[in-house]
Peer 1: 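Following this message is one structure expressed as structure tokens.
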Amino acid sequence: MAYIGLLSLLVVMLGLSVVLISLNWLLGPKKKESYKTYPYECGVPLYDDTAQTTFHQGYYILGLLLLLFDIEVAYLFPWAVVYSLLGVFGFLEVFLFLLILTFGLVYAWRKGALDWQFDLESL
Amino acid sequence: MSIIALGIIIAVKVVVILVIILGIGAYLTLVERKVAAHIQRRPGPMVVGWHGLLQPLADGIKLLTKEDILPSSANPILYNLAIVMALVPATLVFAVVPFGPEIHIFGYDIKPILTDVNIGIILAFAFGSLAVYGVALSGWASNSKYALIGALRKAGIIISYEVVITFAALGPIMLAKSLSTYDIVMAQIHQKVWYIFLQPISFVVFVFALLAETGRVPFDIQEAEAELVTGFTVEYGGMKFGLFPLVEWYVEVLSLSSILTVLYLGGWSPLNIPFIGFVDPFFFLGAWSGFIWFIIKVSILFLLVLWLHWTLPRYRIDQITTVAWKVMLPLALFNILISAFIAPLLRG
Amino acid sequence: MIKKVFEKPLNFLETIFFLDFIKGMSVTIKQAFTKTITTHYPYEKLTAPKRFRGFFGHKTVNGLEPQPAFDEWAERMKVEPQPSKSRCVVCYLCKKACPVPDLFEIDGKKLENGKKVVSVFNMNLMLCTFCGLCVDACPVDCLFQSDIQETASFSRKDAILNLEKLELIGKVWQDRREQEPDRIWIDDEAREKLWRENKLNLRKVDNA
Amino acid sequence: MQATEKTLNEIKAKIPYVDVKKEKLTSVVYVQKELLFNVLKAIKEDFGFKLFIDHSVVDTLEADNRFEAFYILYNVDTKERMLVKTKTEHALPSVEKLWFAAKWAERECYDMFGVNYEGHEHLVRAFMWDTYSHYPLRKDFPLGGYETVELPSLNESTFGDNLSGTMNYKRTHTYVPTLKDLEYTERNRIKKKAQVVLNWGPLHPGTHGTMWFLFDLEGERIVQTDVILGQLHRGVEKLAEHEPYQQFLVYTDRMDYISGLCSNQAWTVTVERLLGIEDMVPLKAKYIRTMMSELQRINSHLLWLGTYALDLGALTIFLYAFKEREKIMDIIEGITGARLTISYTRIGGVRMDLPQGALDVIESFVKFFPKELKDWEKILSRNRIWVKRNKEVGVLTKEDIYFYGLTGAVARGSGVFYDIRKLEPYDAYSMVDFDVPLGENGDCYDRYLVRVEEMRQSIRIIEQCLQKLKTMSPNEPFMAESGDPKKLKLTLDGIGLKVPAGEVYSSGENPRGELGFYINSKGGLKPYRVKIRPGSFYNLCVYPHLMENRYIADAVTVLASLDPVVGEVDR
């Protein structure tokens, strides 16, 4: 029942953003100029016109790492809440879980996947 | 509790959150420009209204009446969707933030929190990570090389610090033994200690993650104007260009710093001295002193962020992500270990 | 003679407690609470120094001319000086000294008694570099640079100074600033804002 | 100073087919075109003339060998300067393998004179766009260019063409490049090897001027890069051939518009050396010139520090630096009358004496400035972010300095002791003592430390000049009087100043490197050929090398540490 507030806020915010954008479209002047919609490229003719070409696959591996560690945190949240009831057993259990995953982190570290744009040889 | 009363309460709470985003959010631009100006020995906006008080309104009107340009090679639907994806999640985080203690007006006792659910913190971080869509979409949709590079950089940072922020938040949750934000604050009041004193490391990690998530200076990569000319908002004009910094710099800083006050500085609890307990100079206000304390804490955090913003230079993008993965993450894991030992010692 | 430059790196303690950030932020907080130094331009204006190289002007004949040179040149160029009119002796020296000579357009008119007087003196300041070589070249100290610097206008015609404009600027200048001592600048309170932290007391220079 | 008799004879002994001559102001080695490469290689390796200063061509309009090319080299150990000359009709062997700086100098000579260089890796025009068909610096190219294109008149739309006299602008105009020309230049300049080519172009806040970089990007790593210059090319060297000596002074401070006074001083010292009247300049003028150019050096370094910190994110340092810079602007405006385009020095002295109160104001500035500098260093120098952003970024070894012809703070950052104020002291630099800061490993951090230290040394020089100027009485002469006006006419406006025939190369230590003037005069009022050796042009040519497989974020740091000014790069 408490989510009604969240849903109402969601609806209100969606409405607000649509209103803001259309208000801007309504109020703004509309003068057609040939080069006004030319993408910003420091004022010179574009070398290759679309930017939507391939891009570095370092970003994809970063996404994988996020997936890995987010799932890990998802498991830890419930454990964190009930930790004091579990006592030593809970601590040892999760300690092992964390240990295995930090090995994953160390592996990624050694392989250089954590650097921003690692060069291909290191893989 | 009839339906109408419930409806009115929810409506009032939603209006309060709207006021925070549009009203206070806009006026924070004035605060930032004034603080930045005085640090740089100049007076800041003085012309519009007394000491620039009407400046945010003037900015808003200017942005609204600017021409709405759609770049030629951009795909329009994604281009406009990006704004919605950026604005909506940032404000939803406020839904789980408890502004003060329970109060009794007109015979009803109301909790000043829009959605009092028992998984408040997870909701907050979920909405936080939705911001990636707004950024990535705006970069890809506006089909300009600068926007794409800026967007992918910012997405990289948000991803790296999403992980760090969730690990850092585990510490206080273990101490408070609950996920609902309201209960975390109540736990801190019961245990008569703010979690900042028990978890200094995760407090520092959380602050850095806050700076990185919202793109404040040491991690100010997305609009490193010297390199990327305002990053992913390069192809946006008018109100759309106005919304991105509003969301990025003000709404998200407010929401994350309020999460921070809930987790570490004890929500609306008065000043805490580690071993003596609470000292409350506003005791005469009764329940309302909680609201004032909450506002004081959030504004102090905001001013600290500003102070940092106008002093420090900026990291390079690869240094930021390596710091996130190689320094912050191990620190957060180590912090979980420590809090695992501290948690049983705390009573209640 | 040679100085090696070196800066010692941060030690462990400083990295832990962010001492370098704190030291930097202490500087900014100190600056935050000191007075601002900017002049709000349209409302407060700095008065330019006397030597400022702004728009040009012609000094008028008012008895303060450089005496031996003025009569000699007026004589040689057969020019008849008219009181409160431009001192120009139509000797074209300023046009010869200018790096961009075709911004000058100078012409003299013959009077009945055989003497000459300057009739046309146009300066197209769109081409001018404001370098002041023509001011040095003028033998009778007629052409000079006033301190007018707000010269933006809506048409190129305003950038062309003809004889009337030059004389007008000259007259205004001779009343206003001719008798001022040749000081580095006149410190009005707008300039004082910037130099206050230097504890500079320029007052005592007046009586020097 | 120029190479001594002894070294010239040594070269003559080692390489017989060369003839050697030691003139009054320059020592020259003449060589045939075919043997040029080997001679230069020998001089570079065996005789230690490693540092490349300049290369250009003089158009002598003679029947057979029309172009006379000259290379200026410098030996850092024995502190000697030398010219190597050769004659050619239209082609020359490229010496790009010996010095990379020659690659850009040769591009400029090809652009301006049409001299073809065999073996040049990528011979394109340096400043003009590639589809431009003329060679502007040749003697037969008219000063105003070929007005072929009908352009709407610059005159008023309301008044049309009936403005009086010279105020009418002609309707026809020289050809202006269209977008197609720029597109062709862009495609011709770089062959795409990686994913995407990014225009880091003229309208970009990071380049501080209209420089057009083309980055070939692999993700965010730059694979290769090249530069298109010429957006701010005003043909200053062509103008120099049509201006008397004193009048050209006005154009010198429009080249490096941030250090105008140092450029004026460099030009006046060069002409005074050509005239041989360096000792006639009164002592007061020398001290005033030195003090003013040191103030201008601090002014220029402050702008560098402000924009450098701005590019790296510390926005407050930008405004603090400009606060102090405003004070220096007030001083310069009070003394010379102008803030930026200061034509204050004259051949033989300075235009006006110091006004009342100038010495007090400078003294108060000099007392307060070091304290401010120490405050900024607290924010920047030991800040871990600043150190991390600058250490090991854009590293230049000593060999790079010689190979790329780098001078100024960039050379001193890598430990090469090359400071014209010490090696060839002019004006009062020999009478004041100051240190020359040298860095160790030549990265951006060392260049930052070197420039900040240079500001402190300038403060020391200004203090010494102040003490000396205080002792001089107000009515000491500030301008030289020539012995007999018939032979040498030294006046403030410079009409009728005749210069004897001959050639000279002399340079001044600008904040951005060595600004050198090569004047080749055939006697008379106007120089025959003036080659300007800009510090920023050659400091910029190392940029593509430094940018290989680094990130875009470094592009800003390295460019700001090289500190090029587009006015001086494009001339």
Side-chain angles (χ1 to χ4, degrees), chain B residues 32-33 35-44 139-140 143-157 208 211-212 215-231 234 306-323 326-327, chain D residues 195-201 203-208 214-215 217 219-222 306-324 326 372 375-376 378-381 383-393 448 550-560:
Chain B
E32 160 138 33
R33 286 175 67 173
V35 166
H38 278 287
I39 282 183
Q40 295 164 356
R41 304 285 299 278
R42 51 184 174 86
W140 181 264
N143 197 353
S144 131
K145 292 184 244 328
Y146 282 109
L148 186 66
I149 296 170
L152 291 176
R153 278 186 176 187
K154 181 70 183 169
I157 293 176
F208 272 94
L211 289 175
R216 279 291 185 177
V217 161
F219 313 99
D220 180 6
I221 215 65
Q222 97 280 4
E223 50 88 10
E225 62 283 347
E227 293 135 33
L228 293 178
V229 198
T230 71
V234 90
L306 279 191
W307 190 10
L308 269 173
H309 185 102
W310 295 102
T311 322
L312 301 177
R314 155 186 325 129
Y315 269 114
R316 209 179 38 210
I317 171 68
D318 52 339
Q319 288 159 354
I320 296 173
T321 37
T322 37
V323 159
K326 295 181 178 165
V327 173
Chain D
Q195 272 164 1
V196 77
V197 170
L198 179 73
N199 273 320
W200 211 49
L203 297 175
H204 190 284
T207 53
H208 296 291
L214 292 154
F215 288 147
L217 287 180
E220 264 192 51
R221 214 160 37 82
I222 298 163
T307 41
Y308 191 36
L310 178 78
D311 286 352
L312 260 62
L315 303 161
T316 39
I317 296 291
F318 179 76
L319 281 139
Y320 291 164
F322 269 63
K323 164 169 73 73
E324 289 305 310
E326 189 56 36
E372 276 298 291
D375 264 2
W376 305 341
K378 245 195 254 169
I379 296 180
L380 285 185
S381 285
N383 189 324
R384 70 188 68 183
I385 304 174
W386 187 261
V387 167
K388 224 173 191 179
R389 274 301 293 272
N390 285 322
K391 262 244 181 295
E392 281 93 34
V393 171
Y448 159 79
R550 293 210 70 91
Y551 296 108
I552 305 179
D554 281 347
V556 177
T557 326
V558 171
L559 189 68

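Below, chain A is the first sequence line, B the second, and so on; all start at residue 1.
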Peer 1: Out of D:Ile385, D:Val393, D:Thr557, which residue meets the side-chain contact (heavy atoms from CB on, under 4.5 Å) rule with B:Arg316?
Peer 2: D:Val393
Peer 1: Can you name the side-chain hydrogen bond (donor to acceptor under 3.5 Å, both in side chains) partners of B:Arg41, sequence neighbours left out?
Peer 2: C:Gln31, C:Thr34, C:Glu197
Peer 1: Within the side chain of D:Thr316, is there an N or O that forms a donor-acceptor pair under 3.5 Å with the backbone of B:Trp310?
Peer 2: yes
Peer 1: Once you round to the nearest 0.5 Å, how far does CG of B:Leu312 lie from CD1 of D:Ile379?
Peer 2: 9.0 Å
Peer 1: What's the shortest heavy-atom distance between B:Lys145 and D:Val196, and which atoms?
Peer 2: CD-CG2, 3.5 Å
Peer 1: Kindly determine whether B:Ile149 and D:Leu217 satisfy side chain to side chain contact (heavy atoms under 4.5 Å, CB included), including the steps that lead there.
Peer 2: CA-CA 11 Å; B:Ile149 296 170; D:Leu217 287 180; 3.8 Å; yes
Peer 1: What I'd like to find out is whether the side chain of D:Trp386 reaches to under 4.5 Å of the side chain of B:Arg314, using heavy atoms alone.
Peer 2: no
Peer 1: How far apart are the C-alpha atoms of B:Tyr146 and D:His204, what are their side-chain angles, what is the distance that settles it, and do they pass the side chain to side chain contact (heavy atoms under 4.5 Å, CB included) test?
Peer 2: CA-CA 11 Å; B:Tyr146 282 109; D:His204 190 284; 3.4 Å; yes
Peer 1: Is there a donor-acceptor pair under 3.5 Å between the side chain of B:Gln319 and the backbone N or O of D:Lys388?
Peer 2: yes
Peer 1: Which region of D:Leu198, side chain (C-beta onward) or backbone (N, CA, C, O), has a non-hydrogen atom less than 4.5 Å from a non-hydrogen atom of chain B, or is it both or neither?
Peer 2: both
Peer 1: Do B:Tyr315 and D:Arg384 touch side chain to side chain, with heavy atoms closer than 4.5 Å?
Peer 2: yes
Peer 1: Taking only residues two or more places apart in sequence or in another chain, which ones pass side-chain hydrogen bond (donor to acceptor under 3.5 Å, both in side chains) with B:Thr322?
Peer 2: none
Peer 1: I need the D:Asp554 CG to B:Ile317 CD1 distance, nearest 0.5 Å.
Peer 2: 12.5 Å
Peer 1: How far does CZ of B:Arg153 sit from OH of D:Tyr551, to the nearest 0.5 angstrom?
Peer 2: 10.5 Å
Peer 1: Checking D:Ile317 against chain B: side chain, backbone, both or neither under 4.5 Å from a heavy atom?
Peer 2: neither
